[in-house]
Chemist: 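Please find one structure pasted underneath; my questions will follow.
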Amino acid sequence: MIVAIDGPAGAGKSTVARALAERLSFRYLDTGAMYRALTWLAMHRGLDLGAGAALAELARAEPVVFDAEGRVWIGGKDVTSSIREQRIDRMVPVVARHTPVREVMRERQRELGRDGDVVIEGRDIGTVVAPNAEVKVYLVADRDERARRRMADRPGIGADALATDLRMRDEKDAERMQPAEDAREIDTTGLNVEDVVERIEALVRERTAA
Ligand code: DC
């Protein structure tokens, strides 16, 4: 079974998807980490982030690997923490917007999500990567709440800078952020992680029973 969890930055996707995967003993696939890792490698090599075809080639040549501990590797380097830096937050939408890059990523994501039960987190999982996912969820939260959550993830960055980054990323990501027609929308603003996980778990159970 595939559980697709989409939504904007700060809506709670990662925390919820990880907790859900653990609860259900499903695998967990973080597709945002894949775009982040590619962005990291492209910047590390000094490539032009506007060159879609060259970036797609890089993505094909240097596939992102998740090890058994869930650490993220690209080009032989463990980039688990570097991909969460603000400079990556800022540049990843520039890389993610290229169609040829998305095509390579989509194939790799399908490959990684193919066997067994998996929770896949991203922006276009329910619409493009896994349109046949058995359960589709679209998480949203109001912007102030999302900015607050980001602050907890990014200590050392000011509130104003974070709010501006979030708004800019929303705008850049917007074209890929349409919920699937058959996704269940959950507003996580006033909910804790446990509440959200339970709601999705109930959807999984409904689906398993059907
Ligand atoms: O979820 P995140 O913040 O780690 O995602 C990082 C970036 O990658 C985000 O700006 C949008 C992009 N992304 C995407 O375009 N498609 C996905 N399936 C996942 C992430």
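Note that these values count all heavy atoms, side chains included, but never hydrogens, waters or copies made by symmetry. Just so you know, ligand 1 is whichever comes first in the structure, and atom 1 is the first atom listed for that ligand.
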Chemist: So for ligand 1, is R102 a polar contact partner (N or O within less than 3.5 Å, distance only)?
Modeler: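 Looking only at distances, the answer is yes, because the N/O contact criterion of under 3.5 Å is met.
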Chemist: Donor-acceptor pairs under 3.5 angstrom involving side-chain atoms of residues 92-99: please list them, not counting sequence neighbours.
Modeler:
unit_1: H98; atom_1: NE2; unit_2: L49; atom_2: O; d: 2.9
unit_1: H98; atom_1: NE2; unit_2: V94; atom_2: O; d: 3.4

Chemist: Does the side chain of R87 come under 3.5 Å of the side chain of S82 through a donor N or O and an acceptor N or O?
Modeler: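 Absent: no donor and acceptor within the cut-off.
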Chemist: Who's the nearest protein heavy-atom neighbour of atom 4 (O) of ligand 1, and how far?
Modeler: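 Scanning the protein heavy atoms, the shortest distance from atom 4 (O) of ligand 1 goes to R36 NE, 2.7 Å.
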Chemist: Heavy-atom distances under 4.0 Å decide this one: backbone, side chain, both or neither, for M34 against ligand 1?
Modeler: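 It is neither part, as no heavy atom is under 4.0 Å.
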Chemist: Give the numbers and elements of all ligand 1 atoms closer than 4.0 Å to a heavy atom of D124.
Modeler: 16 (N), 17 (C), 18 (N)
Chemist: Could you pull out all residues at least two apart from R167 that satisfy side chain to side chain contact (heavy atoms under 4.5 Å, CB included)?
Modeler: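 With neighbours one apart ignored, the set is R143, T164, E171.
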Chemist: Is the backbone N or O of V140 less than 3.5 Å from a side-chain atom of T188, with the two atoms forming a donor-acceptor pair by type?
Modeler: yes
Chemist: Do F66 and I74 sit in the same hydrophobic cluster, where Ile, Leu, Val, Met, Phe, Trp and Tyr count as joined when their side-chain heavy atoms come under 4.5 Å apart?
Modeler: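 Yes; tracing contacts between hydrophobic side chains, which count when under 4.5 Å, links both residues.
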Chemist: Return yes if a side-chain donor-acceptor contact under 3.5 Å exists between Q178 and T127, otherwise no.
Modeler: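 Their side chains do not contain a donor-acceptor pair, so the 3.5 Å distance test is not met.
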Chemist: Counting heavy atoms only, which part of M105 comes closer than 4.0 Å to ligand 1: side chain, backbone, both or neither?
Modeler: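 No part of M105 comes within reach of ligand 1.
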Chemist: Is ligand 1 under 4.0 Å from a heavy atom in the side chain of A96, in the backbone, in both, or in neither?
Modeler: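 Under 4.0 Å from ligand 1, A96 contributes side-chain atoms alone.
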Chemist: Just which atoms of ligand 1 are under 4.0 Å from any heavy atom in G32?
Modeler: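 The atoms of ligand 1 under 4.0 Å from a heavy atom of G32 are 4 (O), 5 (O), 19 (C), 20 (C).
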Chemist: When you compare ligand 1 with R123, is there at least one nitrogen or oxygen pair between them that comes in under 3.5 angstrom?
Modeler: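 By distance alone, the answer is yes.
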Chemist: Could you name the option among T31, L38, I125 that has the heavy atom nearest to atom 19 (C) of ligand 1?
Modeler: T31
Chemist: Return the closest protein heavy atom for atom 9 (C) of ligand 1 as residue, atom name and distance.
Modeler: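 Scanning the protein heavy atoms, the shortest distance from atom 9 (C) of ligand 1 goes to R169 NH1, 3.2 Å.
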Chemist: With a 3.5 Å distance limit and no angle check, can you tell me whether K13 reaches the backbone of G7 through a side-chain donor-acceptor pair?
Modeler: yes
